[in-house]
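Everything on this sheet refers to the single structure shown next.
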Amino acid sequence: MENPKNIPEKFLKPYDSSETEARVYKLWEESGFFNPDNLPVASDNPNSAKSFTIVMPPPNVTGVLHMGHALGLTLQDIIIRYKRMRGFRTLWIPGTDHAAIATQSKVEKEIKKNEDKSRHDLGREEMLRRIDAFAKDSHDTIVSQIKVMGASCDWSREAFTLDVTRSRAVNTMFKKMYDDGLIYRGNRIVNWDPKGQTTIADDEIVYEERKAKLYTFKYSKDFPISISTTRPETKVGDVAVAVHPDDARYKEFVGKTYEIADFCGVPLSIKIVADESVEKGFGTGALGVTPAHSEIDWEIADRHDLPRLQVISELAKMTVGDERLKGKKVSEAREIIVEWLRAEGLLEKEEEVSQNVATAERTGGIIEPLPKLQWFINVNAKFKLQNSKLKGLETGMEVSLKEIMKNAVSSRQVAILPEHFDKTYFHWIENLRDWCISRQIWYGHRVPVWYCLHCKKQYVNLETGAKIYLTRHGETDSNKEGRIAGSIDLPLNQTGTEQAMVAAQKLKNENIDYIICSNLIRAKETAEIIQKEIGGEIIIDPELREREYGVVEGMYGKDIKPLKTYQYEGKPENGESYKEVEERIHNAFVSHRKKFEGKNILVVSHGGALRTLMKRLLDLDPMEMLARTAIKNADVIQIEISKPCENCKNDIFEQDPDTLDTWFSSGTWTFSTLGWPIDKKMGMNEKFVERIKSGDKTNTTRLEKKDWNIGDILQLENTQTGELFGYARITNIEEIPLTAEKKGTLQEYYGEKDLTEVAPTWKYSFVYSEKSDLETYHPTDVIVPAYEILFHWIARMILMSGYALETIPFHTVYLTGIVRDAKGRKFSKSLGNGIDPIEIAKKFGADAGRMALVVGTAAGTDMKISEDKIKGYRNFSNKIWNITRFVMENVETESLGSSTSKLDEIMDEWKKIAADITDDMENFRFHLASEKIYHYVWHRFADEIIEQSKTDAEIKSALIHIWTDCLKILHPFMPFVTEEIWALLPAEKRNLLMVEKWPTT
RNA sequence: GGGCGGUUAGCUCAGUUGGUAGAGCAAUCCGUUUACACCGGAAAGGUCGCAGGUUCGAGUCCUGCACCGCCCACCA
């Protein structure tokens, strides 16, 4: 077939998305236009170009993206591409979320399944390494998926909630809140998951409906009031009975206290109190108050100053009573108590009721409300606004976090789309209580609080120096048999060798400089095994040896009961007392600390020796020490050194073992991604300042290594004048040797200074700007989350931003709905109904998937998606392809034909539609905009205008003009096919379509 | 229990400030006319959940009801 117009051959075949998309994405990436610093507007107009920002809701690194993510990404990309074409300095920051509990429990489950090990078997360090590896894989998959979707985000600014820059933001935020009295540590009823051994958030609870029995009974025969409960086992922790103040039945008893000598083996002291929260009509109208095991009862105890007796342990076992109860599981205890009540004739009624049982979302464990020491954010405490940019809240006003959250939305400074969600938002805020932010898991931001080992004084963001690790040697046969070893010199057995290797793994990344061990073979072997893995020098110190047991050496521990026989000061014949050991080993410890000041050291010693050392370090009294179980073989204890405690002058500390709720870090997301807090400075000399100011925006400098990281934003300061002249965003860090050639250049900067002293070994590449990213891009413009996380996340970002920056995090919240399958079911693994966005992109093209997700999907509404729908838009891609072919074959001239009524009508109609679509884009009606352009292109332009043009030359002259406009408008929705076509259109020098100007009227 | 939505063509859903209903898919009929069969043309299909009200006029505003869904709380 002849091809007179040199139509690219590609057009003779149907559009092939699989051949196109990856190639086009690469083209975009290489153009640099995803980064607003490289956009033409940025260089034309560096300071006045209006910015437009979106931060991506970071997907959890728990696996892969699903269609819900695909919807969110598509909408964000549509907005971003549209704004970019409108000439904004457009930034879309991508990132991922470490999703603490979700990720840890996922990895834990896998390890359990594959290796039958728990996280405690692996230890904190090894577990974290495993999770990091998993998160890294998951991250890589997610990034490639985001790219497949066509997302035009700035990868140079990619962030992770757990990376160094974001961790710095978290710690800074924690300290600020702590200093302002908004963060406190307190005993509160928390949702304790006995199975996962952690606290969990209210929203990680799933309620399961179950049948339960409601028992009505009296504490004793002569107790005047009957109460009802579904949990009789908690009643041994009762301290009061609460009745409504107006309840005539009970009025006479209020204020009295009854002593119950024996309630299933436990004595109770019950006070009758009057409390408004009690419903007269429910049950007997009297409520047994168990402060330690019910949130509501805890509050009643607050109001009436009642004691709080904990009767259930973290393992969901009873902690009080005689042999009938103590140590029994709660479920067993329940039956025992019911039986007892029945036998005593105290049980009055048993009713079958249905009840919602709280269970942990992740582990399925039944939630046990327990009082625990936790960290909280007080949402009602007031603080003073320093520099408020919050509408209606002036600088100097005293506000609470709750008020900030409420105000942001009620003032319309933050608009939620669809609007009706703000009602739900307010309802939630009104019911908000203090936010528990500590979690007993390992993966996440560790609570940045250190405790003095002696006096327990708290320090936030303590700067710690060297670390000391203490470990006991691995197992010997003597340990195994439970024999006293003392100075009997036995080697490690097989288990001991393995234990030492585990310890070595734990210590691998800790940069230990010296390993100091006793002169006994079991310690030396342990030290050698560890040294093989971690390096460092071994120093043998006979003072670090085990307690000398004299005559009892070699005997079975159980036979001599050393704890009882030889107390702290007592000693076996020819042996040492613990007191003597303590003196000896502490002196040795202190001398090593002094000798290796500033170095990380590992001390390998023995059970008894380390135990007495810990006694001294923790300032325990002798009985406390004796009550502690011995340190296990190869256990590692970590101690951190810092400046002496203000209180007790000791200088060793340990960090809080808990981690922070994942929403604490994601709450900072809009500004931590933009480099907050910017408190680091890079000093520059005059020459460099000039070079930067006049020259390239991208620069490199060679400096001594500081603790800077890629992505950090630094203030640039003129070292001569102290003047602040701009910001540097670190884009790359490279270690480089100092060459002779470089030396010359450097000598210029450093003058007479000896270069060996300043010898820079690190090359920092950075982008210079006069304004920081934070100033330029924050508050962000739009955020596009699923409505499910309105409270979890959106509210918390408003809180964090309102508190730390005294501004809103974003102007508009565009909520997306849930994407369901064709039958309206949520996608889930167990149903096997998952539609993988990547599969869709492969099969039909990402463009088709994007359109299918967007057309007709209004904000905040759930949607159903099916392959049929996607197939329709695959066909549309091809339609666009073929329209282009027709238009190219029929372009006779670039100029529009002379004005005729017919032509004007068509052009006017198009302009009207384009304006209408633009209006939809401006007002977040993407579901309408996409439908309109689809409809126009296919059913008006192709079906009618092109058909008419076949016989009408006037109309033909309009085709290319309308069509290039159409491609531009289509581009945000279907970026790949339109970009590909754009490159194939006959024209001399063209921009990428992604930076073409949006057709405006 | 409290709150928020939804109910429009067989299916999935639009319908922006009230002006006598729209799209896709499916189904029906016709058509291989050189951009495209991942196509074109034609026709069909709805008293907009129910009952009241406001209005010249209501899918759209108000009241009540029914059913479905979601979120929050968790009643001892």
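Values below: every heavy atom of this structure, side chains too, minus hydrogens, waters and symmetry copies. Residue numbers start from 1 in every chain, and the chains themselves are labelled A, B, ... in the order their sequence lines are given, proteins ahead of strands.
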message: Both distances below 3.5 Å, Watson-Crick or wobble geometry, any strand: find the nucleotide opposite B/rG1.
response: B/rC72
Between P of B/rG3 and CZ of A/Phe426, the distance in whole Å: 16 Å
query: How long is the line joining CH2 of A/Trp428 and C1' of B/rG5, in whole Å?
result: 20 Å
- prompt: With respect to the phosphate group of B/rG5, does any side-chain polar atom (N or O) of A/Lys423 fall under 4.0 Å of OP1 or OP2?
  reply: yes
message: Can you check the distance between B/rG24 and B/rG15, where both ends of the measurement are the C1' atom (answer in whole Å)?
response: 15 Å
query: Between B/rG49 and B/rA9, how far is it from one C1' atom to the other, in whole Å?
result: 15 Å
- prompt: What distance, rounded to whole Å, do you find between the two P atoms, one in B/rC48 and one in B/rG31?
  reply: 38 Å
field: A/Thr216 side chain to A/Ser228 side chain, donor-acceptor N/O pair below 3.5 angstrom
entry: yes
- request: Check the distance between B/rC13's C1' and A/Tyr934's OH and give it to me in whole angstrom.
  value: 14 Å
- line: To the nearest angstrom, the CD-C1' distance between A/Glu931 and B/rC25 comes to 13 Å
- prompt: Starting at the 5' end of RNA chain B and moving along, which residue's nearest nucleotide shows up first, A/His427 or A/Ile883?
  reply: A/His427
- prompt: Taking atom C1' in both B/rU20 and B/rG59, what distance in whole Å separates the two?
  reply: 11 Å
Identified pairing partner of B/rC61, criterion: Watson-Crick or G-U wobble below 3.5 Å: B/rG53
query: Counting any heavy atom closer than 4.0 Å, what does A/His939 reach on the DNA or RNA strands: base, sugar-phosphate only, or nothing?
result: sugar-phosphate
task: Pick base, sugar-phosphate or nothing for A/Phe791, based on heavy-atom distances below 4.0 Å to the nucleic acid.
output: sugar-phosphate
- prompt: A/Ile981 has an atom CD1; how far is it from atom P of B/rC36, in whole Å?
  reply: 15 Å
Distance-only donor-acceptor test (3.5 Å): side chain A/Glu295, base B/rA73: no
message: Would you measure the distance from the P atom in B/rG5 across to the matching atom in B/rA42 and give it in whole Å?
response: 42 Å
task: Verify the neighbour count for atom NZ of A/Lys842: are there more than 12 heavy atoms of other residues, nucleotides or ligands below 6.0 Å?
output: no
- prompt: What is the distance from CZ of A/Phe844 to C1' of B/rC38, rounded to the nearest Å?
  reply: 10 Å
message: Which label fits A/Trp428 and A/Tyr425: parallel for a plane angle under 30°, tilted from 30 to 60°, or perpendicular past 60°?
response: tilted
task: Go through B/rG40, B/rA35, B/rC75 for me and flag the one nearest to the A/Trp938 side chain.
output: B/rG40
field: Residue A/Lys402 excluded, over 12 heavy atoms near NZ under 6.0 Å
entry: yes
- prompt: Which part of the nucleic acid, if any, lies within contact of A/Lys950, taking any heavy atom under 4.0 Å across all strands shown: a base, the sugar-phosphate backbone alone, or nothing?
  reply: base
query: Do we get A/Arg796 above A/Trp435's six-membered ring, with its NZ or CZ under 6.0 Å from the centre and within 45° of the axis?
result: yes
task: Could you check whether A/Ile946 gets within reach of a base, just the sugar-phosphate, or nothing at all, counting any heavy atom under 4.0 Å?
output: base
- prompt: C1' atom, B/rU60 versus B/rG18: distance in rounded Å?
  reply: 6 Å
- request: For B/rA21 versus B/rC30, give the span between their P atoms, rounded off to a whole number of Å.
  value: 31 Å
- request: Please measure how far the C1' atom in B/rG53 lies from the corresponding atom in B/rG6, and state the result in whole Å.
  value: 23 Å
query: So what does A/Ala942 hit on the nucleic acid, given a heavy-atom distance under 4.0 Å: a base, only sugar-phosphate, or nothing?
result: base
- prompt: Which base, if any, makes a Watson-Crick or G-U wobble pair with B/rC39, both distances under 3.5 Å?
  reply: B/rG31
- prompt: Distance check: side-chain N/O of A/His927 vs OP1/OP2 of B/rG15, anything under 4.0 Å?
  reply: yes
- prompt: Which of these nucleotides, B/rC36, B/rC4, B/rA76, is closest to any side-chain atom of A/Thr424?
  reply: B/rC4
statement: The reported gap from CE in A/Met921 to OG in A/Ser930 (rounded to nearest 0.5 angstrom) is 8.5 Å
task: Grab the CG-P distance between A/Leu432 and B/rA73 for me, whole Å please.
output: 10 Å
task: Describe, in one word, how the ring planes of A/Tyr219 and A/Phe223 are oriented to each other, choosing from parallel (under 30°), tilted (30 to 60°) and perpendicular (over 60°).
output: perpendicular
- request: Test the A/Arg188-A/Trp298 pair against the cation-pi criterion, namely NZ or CZ under 6.0 angstrom from the six-membered ring centroid and within 45° of the ring axis.
  value: no
message: Categorize A/Asp943 for me: base, sugar-phosphate, or nothing, with a 4.0 angstrom heavy-atom threshold over every strand shown.
response: sugar-phosphate
- prompt: For A/Lys932 and B/rG15, what is the distance between atoms NZ and P respectively, to the nearest whole Å?
  reply: 10 Å
message: Under 4.0 Å, heavy atoms only, any strand: does A/Glu788 hit a base, just the sugar-phosphate, or nothing?
response: nothing
- prompt: More than 12 heavy atoms of other residues, nucleotides or ligands under 6.0 Å from CD of A/Glu348: is that the case?
  reply: yes
- line: Within residues 857-879 of chain A, the residues having a heavy atom closer than 4.0 Å to RNA chain B are A/Thr861, A/Lys864, A/Arg874, A/Asn875, A/Asn878, A/Lys879
- prompt: Parallel, tilted or perpendicular for A/His939 and A/Tyr934, by the 30°/60° rule?
  reply: perpendicular
message: Both distances below 3.5 Å, Watson-Crick or wobble geometry, any strand: find the nucleotide opposite B/rA66.
response: B/rU7
- request: Return the nearest nucleotide to the side chain of A/Asp920; candidates are B/rA35, B/rU16, B/rC75.
  value: B/rU16
- line: Taking B/rA76, B/rA35, B/rU16 as options, the one with an atom nearest any side-chain atom of A/Phe886 is B/rA35
